[in-house]
Student: 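This is the structure I have questions about; it appears just below.
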Amino acid sequence: MDLIDKAAEGAALSKEEWLSVISDKEKYPDERLRNMASSIRDSVYGRKVYLRGLIEFTSYCKNDCLYCGLRRSNARAERYRLSPDEIVSTCVHGYSLGFRTFVLQGGEDPWWRDERLVPLVKKIRSVCPDAAITLSVGERSDESYKALRKAGADRYLLRHETADREHYSRLHPSDMSFDNRMRCLRTLKRIGYQTGAGMMIGTPGSSFETLASDMTFLQDLRPEMVGIGPFIPHHDTPFASEDRGSVALTLRMLSIVRIALPHVLLPSTTALATASSDGQIAGLEAGANVVMPNITPMGEREKYLLYDNKKISDEEDGDNLSSIMERFRRAGYKGSLERGDFRA
Ligand code: 5AD
């Protein structure tokens with residue numbers, strides 16, 4: 001039995017062991033990892049792909065992450081903020097399309113303090129009682145996470161971005177802290193959110209070592225969801241002329257995460273679909289089981305630009321569910337509008 005078989009049986013691997021799984025392509029070829037991951041996904045979730053309605057509700061952000069097009073220093077970013085009423089109507093529209101999970105994602109926008117966000121979550125909870133509410137609004141206080149949970153939020157996405165402290169400080173300004181990000185993730189788990197962590201692949205300064213740290217971190221945190229996509233440079237950021245992350249390595253990491261965390265809800269991300277024309281299906285083949293079509297009102301969708309050339313039509317369009325479903329069917333998957341909660 002080699003390392004990846006041990007991981008598949010639930011053993012915790014050391015950082016050095018993960019390093020060899022990630023980097024040794026002779027012993028652990030992509031194809032082997034993909035086949036293992038895909039059959040694990042099939043035995044836990046079948047060929048179902050859970051669809052989430054993504055609402056990018058604010059492009060304001062107080063943070064200055066070096067990789068992100070919405071960073072506060074980017075004076076050229078077009079800023080918008082949907083009103084609470086617009087967000088509720090977007091959910092109601094999404095609900096009528098069939099969506100039973102809404103992902104409210106935004107920059108860290110101070111306008112959305114608890115006094116505004118808590119009533120919004122309550123309102124969505126009351127108009128869409130059987131839908132899951134996922135928040136993705138960054139680092140907040142423990143009290144805020146508790147209040148939002150109590151208001152009806154079920155899940156929370158907060159990528160850790162990298163589990164390597166040094167690397168984290170290369171990607172973020174000095175007023176952001178690795179420890180605080182970790183605190184937030186532990187709090188979210190403790191409060192009872194289905195919690196999503198995750199990392200970009202191929203950011204400047206990343207290496208097989210930083211990915212090995214990501215794996216030991218994920219095995220320790222045991223998040224219910226993991227978001228993984230390639231880094232894609234944005235022209236108005238300090239990383240404008242850096243190389244984009246590798247699609248092949250992204251797919252390899254998706255498979256490794258599926259093997260290490262068999263029950264994880266694992267999206268085939270927009271960044272992956274942007275980096276490669278067949279990226280979305282390739283993500284599913286690698287072990288993913290979630291896709292998050294965009295239901296942000298048209299007009300705003302093209303302003304939420306974390307990176308260049310973000311895919312905004314076709315397979316990302318929540319208003320075009322039938323073509324999404326059809327594409328999945330042709331690839332041997334079945335799009336599902338169920339809530340699709342994490343199953344232990
Ligand atoms: N390329 C790829 N992903 C990015 N994100 C932010 N900027 C980029 C980029 N340039 C990801 C981060 C963040 C998520 C919302 O989007 O991982 O957590």
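In each ligand, atom 1 is the first atom listed, and ligand 1 is the first ligand listed. This one's a predicted model, so the numbers in the text were calculated from it and none came from an experiment.
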Student: Using a strict cut-off of under 4.0 Å between a residue heavy atom and any atom of ligand 1, list the qualifying protein residues by chain and number.
Tutor: Y67, C68, R159, E161, M200, P230, F231, I232, L306, Y307

Student: Considering residues at least two apart in sequence or located in another chain, which fulfil the side-chain hydrogen bond (donor to acceptor under 3.5 Å, both in side chains) criterion with D24?
Tutor: none

Student: Could I get the full list of side-chain hydrogen bond (donor to acceptor under 3.5 Å, both in side chains) partners for H172, not counting sequence neighbours?
Tutor: Y67

Student: Could R100 and D341 be called an ion pair, given the rule that one side-chain N must be under 4.0 Å from one carboxylate O?
Tutor: no

Student: So, is the end of the R244 side chain (NZ or CZ) under 6.0 Å from the ring centre of F231 and within 45° of the ring's axis?
Tutor: no

Student: Judged by atom type as modelled, is there a donor-acceptor pair below 3.5 Å linking the side chain of R181 to the main-chain atoms of R159?
Tutor: yes

Student: Going by ring pair (Phe, Tyr, Trp, His ring centres under 6.0 Å), name the residues that satisfy it together with Y60, two or more places apart in sequence or in a different chain.
Tutor: none

